[in-house]
Amino acid sequence: MEILDVQNKVHDESKQGEAYSPFKLDTTQYKKRFYIESYGCAMNFSDSEIVASILHDEGFGATKNFEEADLILINTCSIREKAELTIRKRLTEFRSIKRKNGTLIGVLGCMAERLKAKLLEEEKLVDLVIGPDAYRSLPGLIEEAETGQKGVNVLLSRDETYADISPVRLNSNGVCAFVSIMRGCNNMCSFCVVPFTRGRERSRDAYSIVAEAQDLFNKGFREVTLLGQNVDSYYWIDEQKDETITFAKLLEQVALISPLLRVRFSTSHPKDITDEVLFTIAKYENICNYIHLPVQSGSSRVLQLMNRTYTREWYIAKVNRIREILPTAGLSTDIIAGFCTETEEDHRDTYTLMEYCKYDLAYMYFYSERPGTLAAKRYEDDVPEDVKKRRLQEIIDLHRIHSLESMQRDVNKTFKVLIEGNSKKSDEHWFGRTGHNKVVIFPKENYNLNKGDYVNVFVKECTAGTLLGTIETLF
Ligand code: SAH
Ligand code: SF4
Ligand code: F3S
């Protein structure tokens, strides 16, 4: 696996993240240059690393400056309308450079899959439209596009996992990396476009996952996040050993690479997370004590319309089980406000569920109807926008209280922190995270530490999003 010092921050529409930021790389050794921006979830970010690898093998080097690129790629997200509007706006910004240099423009990812050839009609500057399972066809399509022929490949696959492609690490801090363990989603939550843009669920060969994580560890990485839309339904049969590999077994295999390798995962589905997974987390100190368990709504009635296949009571029982087996685990969630037919009473159910769970972290959105989804076909998007926004604001305000309480609970405690790099604000301070996923900033003092090292930090105070501490002991 190649690791380049290239930046490609996720413009995380799904997680309310920041705008992209492109590359830093000597590209003189390459015959052509590409520029890539990623929007959406971590899966897209991870896919951009596959794309970078495919292009790299074709003699393309990355550039941080789209004005000097031969090929501009934009890896897109369709999860909410706003995500698509942001991308459309960004495309218009490439218009003048296309006119000036004839740069090829390619749209990848979920919006490419959703709109298919229609995107070529709607966005005249686009030359290539390539869906998430079709990245291997990029070189051929680029070649055709260079002769002036626009290209589309949005075929979804039942078995493509890109297992044999070694990702080129983009925007790497050299410490943390994403590893895709599966693709697609079979869940059909009624609000969600992902099953249509990412296709059927399939799990990647466990050997290739463990090999990738081992390779990352050998290169100095100290944290891997195993990625899938629904990691708990990971399922792969090891024919050599005639053994079924569940997500719990996979977690264990990755954890066994080294006690120095932290293992995270995202996302868990409340209906699928098993005791076996919880006990595996409890057994291995290096599997992070942190679970992202999207609830979406606290009302059983709305959950049923959302096709989430669990009730409020089921969800609460899962949270209780997590707290029983993993008493110190961090818990985060996703919530949608104002789904079709949501009443004030349903909204209050979400509110009281939040009061029960007291999430450490929550990503909250108002419902955005997506064309083609089950909800768009079956239900009317009948909650007025101002009501959606008011309800969203109420849950955001409540979550703020919970997250501050969660930060305050960690003051006067000591945590094992993995150093990820310098603090953004000062080179005199380290930036790292605890196992339960909280950011910690602390002075370097005179210790001879490096990023990738572990250190025990005593937390003295906190802000809304950061723990501030001092080094207590080294490892
Ligand atoms: N696979 C993950 C989430 C994928 S999308 C899961 O099952 O939880 C990330 C989040 O975006 C979802 O959890 C949901 O809260 C939100 N989301 C998805 N579709 C949406 C829509 N149409 N409107 C608003 N938010 C949506
Ligand atoms: Fe979408 Fe539901 Fe699949 Fe998550 S589990 S990607 S919300 S359909
Ligand atoms: Fe967006 Fe596709 Fe991810 S719709 S959230 S980029 S799977």
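In listed order, ligands and their atoms are each counted from 1.
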Next item on the list: Heavy-atom contacts with Cys41 under 4.0 Å: which atoms of ligand 3 show up? List them by number with element.
Entry: 3 (Fe), 5 (S), 6 (S), 7 (S)

Notebook entry, point to check: Are more than 12 heavy atoms from other residues, nucleotides or ligands located less than 6.0 Å from atom CD of Gln304?
Noted result: no

Checklist line | Polar contact flag for Arg370 and ligand 1 (N/O pairs, less than 3.5 Å) | finding: no

Notebook entry, point to check: Does ligand 1 have any atom that is closer than 4.0 Å to a heavy atom of Arg308?
Noted result: yes

Check: Could an N or O of ligand 1 be found under 3.5 Å from any N or O of Gln296, whether backbone or side chain?
Finding: yes

Checklist line | Those residues that, when tested against Asp133, pass salt bridge (charged side-chain N to carboxylate O under 4.0 Å, His left out) (two or more places apart) | finding: Arg183, Arg202

Notebook entry, point to check: Short list, please: which atoms of ligand 1 are under 4.0 Å from a heavy atom of Pro294?
Noted result: 8 (O)

Note to self: List ligand 3 atoms under 4.0 Å from Gln229, heavy atoms only on the residue side.
What the structure shows: 7 (S)

Next item on the list: May I ask whether Gly109 has any heavy atom positioned less than 4.0 angstrom from an atom of ligand 3?
Entry: no

Check: Is the distance from atom 2 (Fe) of ligand 3 to the nearest N/O/S atom of Cys77 under 2.8 Å?
Finding: no

Note to self: Heavy-atom contact check, 4.0 Å cutoff: does Val194 meet ligand 1?
What the structure shows: no

Margin query: Given Phe366, Tyr363, Phe191, identify the one with the heavy atom nearest to atom 24 (C) of ligand 1.
Written below: Phe366

Next item on the list: Take every heavy atom of Met43, measure it against each atom of ligand 3, and state whether any distance is under 4.0 Å.
Entry: no

Margin query: If you measure every N or O of Tyr367 against every N or O of ligand 1, does any of those distances drop under 3.5 Å?
Written below: no

Notebook entry, point to check: When the ring planes of Tyr310 and Tyr315 are compared, do they come out parallel, tilted or perpendicular, using 30° and 60° as the limits?
Noted result: tilted

Next item on the list: Just jot down the salt bridge (charged side-chain N to carboxylate O under 4.0 Å, His left out) partners of Lys283, sequence neighbours excluded, or say none.
Entry: Glu252

Check: Within the structure, does Gln229 bring an N/O atom to less than 3.5 angstrom of an N/O atom in ligand 1?
Finding: yes

Next item on the list: Tell me yes or no: between the side chains of Thr350 and Arg391, is some donor less than 3.5 Å from an acceptor?
Entry: no

Margin query: For Arg264, give me all partners under side chain to side chain donor-acceptor pair (under 3.5 Å), at least two apart in sequence or on another chain.
Written below: Glu223

Margin query: Show me which atoms of ligand 3 lie under 4.0 Å from any heavy atom of Asn44.
Written below: 6 (S)

Next item on the list: List every atom of ligand 1 that sits less than 4.0 Å from any heavy atom of Arg80, numbering the atoms from 1 in the order shown and giving each element.
Entry: 11 (O), 16 (C), 17 (N), 23 (N), 24 (C), 25 (N), 26 (C)

Check: Got a salt bridge between Glu212 and Arg169, using NZ or NE/NH1/NH2 to carboxylate O under 4.0 Å?
Finding: yes

Margin query: I'd like to check which ligand 3 atoms, numbered from 1 as shown, lie under 4.0 Å from a non-hydrogen atom of Cys110.
Written below: 2 (Fe), 4 (S), 6 (S), 7 (S)

Check: Does Ser368, backbone or side chain, put an N or O under 3.5 Å from an N or O of ligand 1?
Finding: yes

Margin query: Could you check whether atom CD of Glu93 has more than 12 heavy atoms from other residues, nucleotides or ligands sitting under 6.0 Å from it?
Written below: yes

Notebook entry, point to check: Distance only, no hydrogens: is a donor on one side chain within 3.5 Å (strictly under) of an acceptor on the other, for Asn286 and Arg222?
Noted result: no

Next item on the list: Run the salt-bridge test on Glu344 and Arg348 with the 4.0 Å N-O cut-off and return the result as yes or no.
Entry: no

Next item on the list: For Glu122, look at atom CD and say whether over 12 heavy atoms of other residues, nucleotides or ligands are found less than 6.0 Å away.
Entry: yes

Check: Does ligand 1 have any atom that is closer than 4.0 Å to a heavy atom of Ile79?
Finding: yes

Check: How about Lys82 and Ser368: do any of their side-chain heavy atoms sit closer than 4.5 Å?
Finding: no

Checklist line | Donor + acceptor pair across side chains of Ser233, Asp272 (<3.5 Å) | finding: no

Notebook entry, point to check: Listing by chain and number, what protein N/O/S atoms are under 2.8 Å from atom 2 (Fe) of ligand 2?
Noted result: Cys189 SG

Note to self: Less than 4.0 angstrom from a charged side-chain N to a carboxylate O is my criterion; do Arg204 and Asp159 meet it?
What the structure shows: no

Margin query: Take a 6.0 Å sphere around OH of Tyr207 and say whether it holds more than 12 heavy atoms from other residues, nucleotides or ligands.
Written below: yes

